[in-house]
Amino acid sequence: MLDLKFIRENPEKVIKGLSNKNEKNRIDEVLELDKKRRAIIANSEELKSKRNQVSAQIPQLKKAGEDVSQLLAEMKHVSDKIAELDNELKQIESDLENILLFIPNIPHSSVPIGKSAEDNVEVRKWLPEGFSFEFENGFKPLDHIELGKKLNILDFERGAKISGSGFPVYKGKGATLERALINFMLDYHLEKHGYSEIFPPFLVNRDSMKGTGQLPKMEEDMYFIDKDGLFPIPTAEVPITNLFRNEILSEKDLPIKYVGYSACFRREAGSYGKESKGFLRVHQFNKVEMVKFVKPETSYDELESLVKDAEDILQELKIPYRILMLCSGDLSFSAAKCYDIETWSPAENKWLEASSCSNFEDFQARRASIRYRNEQTKKPEFVHTLNGSGLATSRLMVSLLENYQTPEGKVIVPKVLQKYTGFNIIG
RNA sequence: GGAAAGAUGCCGGAGUGGUUGAACGGGACGGUCUCGAAAACCGUUUAUCGGCGUAAGUCGGUACGAGGGUUCGAAUCCCUCUCUUUCCGCCA
């Protein structure tokens with residue numbers, strides 16, 4: 001959520017930011033409602049002040065044996081007027097909130113301006129030693145679906161039978177490899193990058209979803225368990241960021257760095273076509289997520305180190321990747337700045353998004369009311385929140401299987417995973 | 001799923017209609033004392049909204065789980081909801 005005061009004082013900046021994000025804006029409506037709101041507050045508070053004064057006198061007058069019935073009648077009238085104003089105020093505030101909750105974050109000044117994914121900027125690329133985009137002797141690499149079937153480690157058909165399309169089943173060494181990947185990534189972030197581990201609930205309430213910005217705008221993309229009012233999480237970002245909802249942290253506790261595994265559930269409403277085959281788009285996948293709570297002045301440095309933390313995993317796994325800085329038009333709802341990490345798929349012959357690292361500044365913190373006490377001013381201030389996938393296993397698995405396949409159709413297990421899998425080749 | 005009790009400030013815990021934003025205790029912070037520390041003593045210590053002010057600030061409103069109601073006036077009375085604890089049932 002954007003700061004109402006900021007909107008009031010910098011409407012042109014907000015309008016510009018929203019237009020760079022390809023968003024229609026309702027800032028005029030916001031300003032109009034805000035004006036009305038403040039007028040009513042002034043009016044109502046003046047009456048309340050009067051009521052408080054008179055109410056304090058009444059017991060004294062009574063004690064002195066005076067007749068207060070005239071006063072009571074008068075105050076009844078004042079109270080009725082207050083109730084009327086407060087009802088009006090409540091309506092306006094709810095209208096205002098309904099607009100504000102749908103207004104996305106605005107891009108940071110360092111974000112390139114652009115319309116769509118095509119305007120994203122490649123920041124850097126990393127290729128393992130000896131890597132080539134061409135396989136030797138014209139060898140045609142198998143894609144992950146063919147490999148999965150041939151090696152009997154993935155079963156999309158049976159997943160579709162038991163749940164529906166987009167619910168893959170991992171089998172045998174495939175299941176072990178998936179688990180190894182998760183454990184390797186968690187351990188690495190814990191040991192090398194100084195994160196603490198969180199194992200969060202996979203179902204959260206509406207307030208949590210609102211806090212991180214999934215709701216109300218993206219409700220159609222979320223699973224929802226109506227009977228209990230709970231949402232299966234689309235990412236561990238939701239429960240982990242909401243750990244401190246409605247809390248005031250100590251400045252000395254910051255930065256707080258959490259890493260957690262969760263399954264992720266996404267309806268992906270309206271996604272069809274070849275982009276959605278196999279692992280490329282699924283309803284349930286596994287992800288190791290990093291979440292940071294930091295002081296505002298450090299958040300852009302923290303974003304850079306967050307990206308590096310995710311990159312380290314890929315370098316250890318020796319999987320080719322590139323880093324994109326998302327342009328304004330491609331930024332997600334809550335993000336002020338975001339880097340995507342894409343890994344190489346030789347069979348698809350393209351880059352696949354495997355991680356997204358974002359700085360939300362105080363956008364989520366304001367929605368969820370996550371603050372820290374500034375030691376200098378002694379006042380509560382909003383923290384900045386960041387998160388990044390470190391990483392999502394499904395897309396990563398595509399790159400891993402395809403890059404590590406041998407001409408015989410086997411898959412070598414990356415060196416760093418071997419102590420987790422207990423085997424070094426599949427097939 | 002059934003029954004009961006409860007939800008107050010950083011923590012514990014008073015408070016059943018009118019100077020209670022909140023007694024008392026603890027913690028934390030500042031000060032006195034001390035070479036230093038402890039103890040003792042003194043003081044400070046919730047958040048949020050609006051007006052005025054560049055600001056420090058100042059004046060006022062609101063908030064005792066959440067929402068609604070009664071009343072001139074609600075932490076206190078009534079209703080609904082949420083959560084917590086305990087007991088019973090079920091259960092990985």
Side-chain angles (χ1 to χ4, degrees), chain A residues 1-10 30-101 199-211 215 224-231 239 242-254 256 263 362 365-383:
Chain A
M1 193 143 65
L2 298 177
D3 182 9
L4 186 53
K5 275 202 195 92
F6 183 81
I7 298 177
R8 192 189 296 151
E9 285 158 19
N10 307 276
V30 169
L31 293 174
E32 186 59 32
L33 285 168
D34 177 49
K35 206 167 152 190
K36 275 193 201 162
R37 169 181 157 267
R38 286 186 292 150
I40 292 176
I41 287 173
N43 206 336
S44 157
E45 287 191 351
E46 197 183 324
L47 292 176
K48 283 177 183 167
S49 177
K50 181 174 180 196
R51 180 177 71 185
N52 287 344
Q53 279 175 26
V54 174
S55 286
Q57 287 168 6
I58 285 172
Q60 273 146 28
L61 293 174
K62 270 188 178 170
K63 228 178 257 172
E66 295 193 30
D67 178 22
V68 293
S69 54
Q70 177 69 31
L71 258 187
L72 293 191
E74 233 173 79
M75 284 303 104
K76 171 72 179 160
H77 186 69
V78 169
S79 279
D80 287 348
K81 181 68 187 167
I82 290 172
E84 198 181 296
L85 287 170
D86 281 353
N87 277 334
E88 209 178 322
L89 180 63
K90 207 180 294 169
Q91 185 58 49
I92 286 173
E93 289 190 326
S94 132
D95 291 349
L96 190 55
E97 161 126 328
N98 281 337
I99 298 175
L100 287 175
L101 281 174
F199 200 145
F202 291 2
L203 302 181
V204 298
N205 59 30
R206 187 170 285 275
D207 283 344
S208 295
M209 292 290 272
K210 209 166 100 181
L215 296 185
F224 179 53
I225 300 166
D226 192 35
K227 198 171 179 183
D228 298 290
L230 294 170
F231 296 82
N242 277 282
L243 280 171
F244 298 122
R245 174 152 48 82
N246 294 330
E247 290 193 33
I248 299 175
L249 305 165
S250 295
E251 181 172 335
K252 63 179 192 309
D253 292 337
L254 301 178
I256 294 171
D362 64 5
R366 179 169 278 110
R367 286 180 160 239
S369 189
I370 305 168
R371 294 176 291 173
Y372 75 103
R373 194 173 299 281
N374 183 312
E375 276 175 9
Q376 306 238 289
T377 64
K378 306 281 182 206
K379 298 242 169 70
E381 292 176 13
F382 291 109
V383 300

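Just so it is clear: chains get the letters A, B, ... in the order the sequence lines come, proteins before strands, and each one is counted from 1.
Using modelled atom types, one side-chain atom of A:N242 and one backbone atom of A:S208 make a donor-acceptor pair closer than 3.5 Å. When atom types are taken as modelled, the side chain of A:R367 and the backbone of A:L101 share a donor-acceptor pair closer than 3.5 angstrom.
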Could you write out each protein N or O paired with an N or O of nucleotides 51-59 of chain B at a distance under 3.5 Å?
residue : atom : partner : partner atom : Å
B:rG51  : OP1  : A:R38   : NH1          : 3.0

Might you list the N or O atoms of the protein lying below 3.5 Å from N or O atoms in nucleotides 71-75 of chain B, with each pair's distance?
residue : atom : partner : partner atom : Å
B:rC72  : O3'  : A:S79   : OG           : 3.1
B:rG73  : OP1  : A:S79   : OG           : 2.9
B:rG73  : O4'  : A:S55   : OG           : 3.4

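Contact between the side-chain N/O atoms of A:N52 and the OP1/OP2 oxygens of B:rG61 is found at a separation under 4.0 Å. Note on A:N205: every side-chain N or O is 4.0 Å or more away from OP1 and OP2 of B:rC83. For the OP1/OP2 pair of B:rC10 and a distance below 4.0 Å, the side-chain nitrogens and oxygens of A:R373 include no atom meeting the criterion. Within the structure, every side-chain polar atom (N or O) of A:R206 is placed at least 4.0 Å from both OP1 and OP2 of B:rA66.
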A:K48 vs A:D86, salt bridge (Lys or Arg N to Asp or Glu O under 4.0 Å): CA-CA, chis, key distance, verdict: CA-CA 11 Å; A:K48 283 177 183 167; A:D86 281 353; 3.1 Å; yes
task: Using the side-chain hydrogen bond (donor to acceptor under 3.5 Å, both in side chains) rule, take A:N87 and A:Q91 through it: C-alpha gap first, then chi angles, then the decisive distance, then the call.
output: CA-CA 6 Å; A:N87 277 334; A:Q91 185 58 49; over 6 Å; no
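Atom name C1', nucleotides B:rC59 and B:rA4: the rounded distance is 49 Å, in whole Å. For the P atoms, the distance from B:rC42 to B:rC33 is 16 Å, rounded to whole Å.
Side-chain proximity of A:E45 to the nucleotides B:rG18, B:rG50, B:rG68 is greatest for B:rG50.
A:F6 meets the ring pair (Phe, Tyr, Trp, His ring centres under 6.0 Å) test with no other residue; sequence neighbours excluded. Partners of A:R37 by salt bridge (Lys or Arg N to Asp or Glu O under 4.0 Å), not counting sequence neighbours, listed by chain and number: A:D34, A:E93.
Position along RNA chain B of the nearest nucleotide to A:N87 versus A:R371 favours A:R371 as the more 5'-ward residue.
With the 3.5 Å cutoff on both pairing distances, Watson-Crick and G-U pairs in RNA chain B assemble into runs of at least 3 at B:1-7 with B:82-88, B:10-12 with B:24-26, B:27-32 with B:40-45, B:46-52 with B:57-63, B:65-69 with B:77-81.
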Can you give me every donor-acceptor pair (side chain of residues 373-381 of chain A, partner residue at least two apart or in another chain, under 3.5 Å) with its distance?
residue : atom : partner : partner atom : Å
A:R373  : NH1  : A:K378  : O            : 3.2
A:N374  : OD1  : A:Q376  : N            : 2.8
A:N374  : OD1  : A:T377  : N            : 3.2
A:N374  : ND2  : A:E381  : OE1          : 3.4
A:N374  : ND2  : A:E381  : OE2          : 3.1
A:T377  : OG1  : A:K379  : N            : 3.2
A:E381  : OE1  : A:Y372  : OH           : 3.2

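Between the CG atom of A:L47 and the P atom of B:rG50 there is a distance of 18 Å, given to the nearest Å.
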